[in-house]
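Structure record follows, encoded as structure tokens.
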Amino acid sequence: MKNFYKNLFLIISIFISISLFFSFFMTKNNEIIDLSLNQLAQKINNNEVKKIIISGSQLNILLNDDKKAIAQKENESGIIETLKNLGTKEDALQKVDIVVQNESGLRFWAGVLIPTILPLLLIMLFFWFTFRQAKSGINQAFTFGRSNIRLFSPKFHERITFKDVAGLKEAKEELTEIVDFLKSPKKYLDIGARIPRGVLLVGHPGTGKTLLAKAVAGESNVPFFHVSASEFVEMFVGVGAARIRDAFQTAKSAAPSILFIDEIDAVGRQRGAGLGGGNDEREQTLNQILVELDGFDRNTQLIVLAATNRPDVLDPALLRPGRFDRRIILDLPDINDREEILKIHARNKQLEPDVDLKKVAVRTPGFSGADLANLINEAAILAARKNKTKISQNELFEAIEKVILGPERKNKSISQKEKEITAYHEGGHALVAAAIKESDPVHKVSIISRGFAGGYTMKLPIEERRLKTRKQFLADLAMMLGGYAAEKIVFEDISTGASNDLKEATDLTRKLVTRYGMSNLGPITFGETEELIFLGREIATEKNYSEETAKKIDEEVKRIIDHVYNLTISIIKKNKKILDKIAQVLMEKETLEQEEFYELLKPFKLKQVSINF
Ligand code: ADP
Ligand code: MG
Ligand code: ZN
């Protein structure tokens with residue numbers, strides 16, 4: 001639309017300049033005198049006229065005093081006749097030089113063309129612009145079908161290789177194999193090996209799927225094409241499919257090559273699962289991927305890499321042998337990998353010489369590679385804000401909390417009473433965690449509000465673990481209820497500060513019953529969880545059990561929570577003096593680190609209990 005107005009403006013200004021030009025061109029000079037034929041006859045009689053040039057119906061007259069004049073005659077009649085009729089004397093007329101001239105070419109054509117052709121020309125011009133506009137629109141519509149495929153050929157110094165990817169050893173080995181195949185396919189084909197066609201990288205967000213794919217691009221000396229599946233999802237049905245076709249076409253024509261489809265779950269979700277009517281576009285796009293994957297033979301040296309963090313929602317057809325039949329799982333990094341990742345990202349940062357990244361790795365279980373990269377960056381920002389030139393250990397620790405809980409909100413003014421409630425609440429969490437044998441040790445207690453939390457108590461597992469037991473879950477549950485219980489006992493009242501704890505506790509307990517088989521209802525799972533296709537969020541848990549069972553589940557959830565809550569209450573009642581002390585110190589110091597906290601507990605000789613029932 002903007003273009004249209006631009007063109008319109010252009011046309012109008014052309015029109016104006018043309019008419020200005022002609023009107024200027026045709027303006028009569030001021031020095032030229034207009035004469036009627038009578039006046040002309042008189043001037044001839046007075047011998048004032050030197051020359052008359054007849055051009056069409058116009059008479060250009062040159063007077064004796066070198067002035068110019070013009071006069072008009074009727075077209076048909078001869079000028080001499082006319083002048084005679086007006087009483088010009090014959091002899092006077094003979095002295096005048098009379099020249100008959102064809103009408104001047106330009107003048108003539110201008111006279112004819114301007115009134116007739118010019119408007120026509122302008123209209124044509126207008127249509128031409130409009131059509132050109134429309135045509136470019138059509139061209140844009142055609143590029144819809146093009147994939148936004150990118151050939152990945154980073155400059156040498158910014159090339160990512162396997163060295164830039166920490167951990168992920170198995171994944172790297174598998175991918176090395178593939179790179180090797182593309183480099184020397186003969187070796188594999190001669191021995192009769194079937195080369196994988198599709199490789200799926202599976203892992204939590206931020207575990208380095210995209211990074212690893214880029215590293216493959218850097219390691220292999222073959223063309224590496226990169227598309228993001230979300231780019232295939234368009235409003236118009238068929239566009240995605242066309243783009244897929246184009247992407248495969250491009251990659252195939254450059255074979256041996258690698259095609260990387262990032263976030264493939266954007267199109268690869270199970271068909272027929274669309275909410276409120278199918279999603280034709282997505283299905284067509286997915287079908288096209290399947291067709292393309294089947295459509296090239298073994299000798300085409302194209303390998304398709306894809307990444308997803310939702311393998312569970314992928315259409316089973318995608319995972320069938322011959323398609324994405326190789327799956328590489330990218331785990332969250334363990335403690336050693338975390339240290340490696342931190343080292344990689346600390347390479348171009350200024351660290352104090354005594355910084356121990358291992359200590360940071362210890363405190364960050366569950367962090368992904370992306371979280372760790374973010375952590376280092378946050379630490380650098382913190383250090384810069386303090387006008388330091390190097391990052392110290394403290395900034396790194398601070399950054400951990402910032403990444404987990406959001407920034408500190410120190411200047412938020414809270415009343416003394418609120419501060420007291422928060423101190424007892426957090427003290428309750430910490431005390432319960434310390435008093436239960438199966439619980440992880442308390443890592444930090446603070447009543448400084450962060451993000452949405454009024455205060456926080458962090459605990460940290462002593463060692464990495466991949467499995468969690470029922471007792472550990474129950475210990476978590478007790479700790480979650482600790483804040484609520486403390487408020488209840490100390491103030492005989494409850495604040496809204498506990499609401500999030502209660503929600504988490506309830507969710508966890510429900511999972512124990514319905515998912516993990518950790519309740520009296522036995523080793524059964526209840527309900528099938530459906531996902532909202534577009535947001536990937538749980539929207540509804542389909543009930544595949546009777547009302548009666550539903551009631552039993554509710555009762556079991558309540559029974560577990562009640563039991564754990566009673567234990568929590570008894571711990572706090574028994575150790576009320578310790579809670580008072582913790583709260584008092586918290587109000588003074590606001591934050592207690594692990595060592596300070598356990599130092600504080602020492603004189604009280606806290607008796608640990610085991611959680612089991
Ligand atoms: P995703 O799995 O979501 O595609 P990315 O590959 O985009 O994750 O990772 C995001 C960032 O996290 C990377 O750019 C990198 O800085 C960092 N990262 C993740 N995993 C690793 C790793 N194993 N080694 C080094 N950096 C990593
Ligand atoms: Mg990614
Ligand atoms: Zn709490």
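Just follow the structure's listing: the first ligand is 1, and inside any ligand the first atom is 1. Nothing here was measured: the structure is a model prediction, and the numbers come from that model.
Residues Arg347 and Asp164 are paired through a salt bridge, judged by an N-O separation under 4.0 Å between the basic side chain and the carboxylate. Using a 4.0 Å cut-off between a side-chain N of Lys or Arg and a carboxylate O of Asp or Glu, Glu177 and Lys172 do not qualify as a salt bridge. Between Glu401 and Lys444 there is a salt bridge, since a side-chain N of the basic residue sits under 4.0 Å from a carboxylate O of the acidic one. Using a cutoff of 4.0 Å between basic side-chain nitrogens and carboxylate oxygens, Glu339 and Lys343 are scored as salt-bridged. The pair Glu352-Lys388 does not count as a salt bridge, with every side-chain nitrogen at least 4.0 angstrom from each carboxylate oxygen.
Vertex the Zn ion (ligand 3); arms to His425 NE2 and His429 NE2; angle rounded to 10 degrees, 90°.
Other residues, nucleotides and ligands place no more than 12 heavy atoms under 6.0 Å from the NZ atom of Lys359. Under a cut-off of 6.0 angstrom, the local environment of NZ in Lys390 is sparse, with at most 12 non-hydrogen atoms contributed by other residues, nucleotides or ligands.
Put simply, Asp501 gets within reach of the Zn ion (ligand 3), with an N, O or S atom under 2.8 Å from it. Among the backbone and side-chain atoms of Asn309, none of the N, O or S atoms lies under 2.8 Å from the Mg ion (ligand 2).
Ligand 1 lies under 4.0 Å from heavy atoms of Asp164, Val165, Ala166, Leu168, His204, Pro205, Gly206, Thr207, Gly208, Lys209, Thr210, Leu211, Ile341, His345, Gly369, Ala370, Ala373.
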